[in-house]
Engineer: 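One structure follows; several queries about it will come next.
What you are looking at is a predicted structure, and each value in this text was computed from that prediction instead of being measured. Order of listing sets the numbers, starting from 1, for every ligand and every atom in it.
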Amino acid sequence: MEEIATLEREILAAIGGAADEQALEAARIAVLGKKGSVAELMKGLGAMSPEERKTQGPLLNGLKDRVTEALLRRRDALKETALDARLAAETVDVTLPVRPEMRGTIHPVRHVYDEVIQIFGDLGFAVAEGPHIEDDFYNFTALNIPPEHPARQEHDTFYLRERADGTRKVLRTHTSPVQIRTMMAQQPPIRIIAPGRTFRSDSDQTHTPMFHQIEGLVIDETTHLGHLKWVLEEFCKAFFEVDKVKMRFRASHFPFTEPSMEVDIGYARDGAQIRIGEGDSWLEILGSGMVHPKVLSASGVDPDRYQGFAFGMGLDRIAMLKYGIPDLRAFFEADLRWLRHYGFSALDLPTLAGGLS
Ligand code: PHE
């Protein structure tokens with residue numbers, strides 16, 4: 001009895017005196033470890049008479065419980081002290097200026113990406129995504145481009161190696177497969193944009209093998225071509241930050257829209273300056289149209305009930321236009337001097353309220 005009470009006082013003193021978690025762990029092992037003092041006492045129980053064991057057993061178990069409890073409490077206290085010390089040591093002075101040597105900039109494409117999301121977000125569009133490596137079905141077949149269709153050749157597709165079942169994945173040649181994925185995943189009304197990377201085996205001053213598009217898709221029971229034109233006009237005014245834009249809607253053809261239109265934007269070049277909404281130069285920035293009934297059917301949407309429009313816009317193109325960047329290839333050369341010249345401050349996030357550019 002006496003012996004156990006003395007031991008308990010010693011143990012509790014050792015626990016209370018442990019200055020950090022390491023010391024506490026050492027104290028725990030000294031008591032409850034295989035060769036610890038309490039463990040040794042417990043071992044003695046086996047050699048006792050049943051009578052003795054009846055009184056000693058509960059005493060020892062009580063001791064073990066109290067010691068365990070004390071260890072836990074001490075550990076919590078030590079953790080809290082350590083956290084307080086860290087918080088006190090790692091204070092940040094938020095009033096300090098940004099370090100002058102921080103020279104990183106936001107790439108114009110990323111900046112335009114964020115601008116576009118802001119504008120369409122304000123118009124009620126959500127952002128949807130899809131994979132870069134696509135199934136032929138989403139990239140072509142479901143978009144009413146069956147095997148042997150000439151449009152497949154025009155897409156200069158990067159194919160992946162043939163798989164055991166004879167199918168081949170592709171690097172998506174446009175963001176349109178996200179239309180299919182979205183319609184298969186949710187019922188109308190649908191109102192999404194899908195910005196992202198696209199790939200075609202094509203390279204010259206105005207084409208790079210990797211480029212960026214933004215897809216738009218609106219599906220409900222009443223949306224028509226007039227809504228498409230209005231949305232695109234509102235977008236262009238907001239994006240180019242002008243009150244009036246010159247837009248040219250040209251009848252065109254895509255297998256996945258009917259009717260289809262391509263849209264050019266009018267601009268004037270004045271030396272290195274580009275003025276949107278003036279002059280008589282035109283740049284094609286997007287393809288669009290009313291979603292083809294076959295595309296709706298392929299995606300599980302009832303074409304007798306639902307209709308809507310889609311568009312696909314070249315993000316790099318509108319970035320070049322807005323920021324007067326002459327050569328597309330420079331976008332992807334990772335030239336630091338170019339990035340410092342055309343890049344944006346990381347602190348200038350585009351918002352509609354605060355201004356886009
Ligand atoms: N996917 C087409 C392209 O890459 C653009 C487009 C999208 C056209 C949606 C119509 C509707 O050229």
Engineer: May I have the list of side-chain donor-acceptor pairs in residues 277-296 shorter than 3.5 Å, sequence neighbours left out?
Structural biologist:
unit_1 : atom_1 : unit_2 : atom_2 : d
E278   : OE1    : R275   : NE     : 2.9
S288   : OG     : M261   : O      : 3.1
H292   : ND1    : K294   : N      : 3.0

Engineer: Show which residues join F211 in its hydrophobic cluster (side-chain heavy-atom contacts under 4.5 Å, direct or indirect), or state none.
Structural biologist: none
Engineer: How about H174 and F256: are their ring centroids closer than 6.0 Å?
Structural biologist: yes
Engineer: What short N/O contacts, under 3.5 Å, does ligand 1 make with the protein, listed by atom pair and distance?
Structural biologist:
unit_1   : atom_1 : unit_2 : atom_2 : d
ligand 1 : 1 (N)  : H174   : ND1    : 2.9
ligand 1 : 1 (N)  : S176   : OG     : 2.9
ligand 1 : 4 (O)  : R200   : NH2    : 2.9
ligand 1 : 4 (O)  : Q213   : NE2    : 3.0

Engineer: Parallel under 30°, tilted from 30 to 60°, perpendicular over 60°: which one fits the rings of H107 and W338?
Structural biologist: tilted
Engineer: Would you say the side chains of T91 and D93 form a donor-acceptor pair under 3.5 Å?
Structural biologist: no
Engineer: Tabulate below the donor-acceptor pairs under 3.5 Å that side-chain atoms of residues 14-22 make, not counting sequence neighbours, or state none.
Structural biologist:
unit_1 : atom_1 : unit_2 : atom_2 : d
D20    : OD1    : Q22    : N      : 3.2
D20    : OD1    : A23    : N      : 2.8

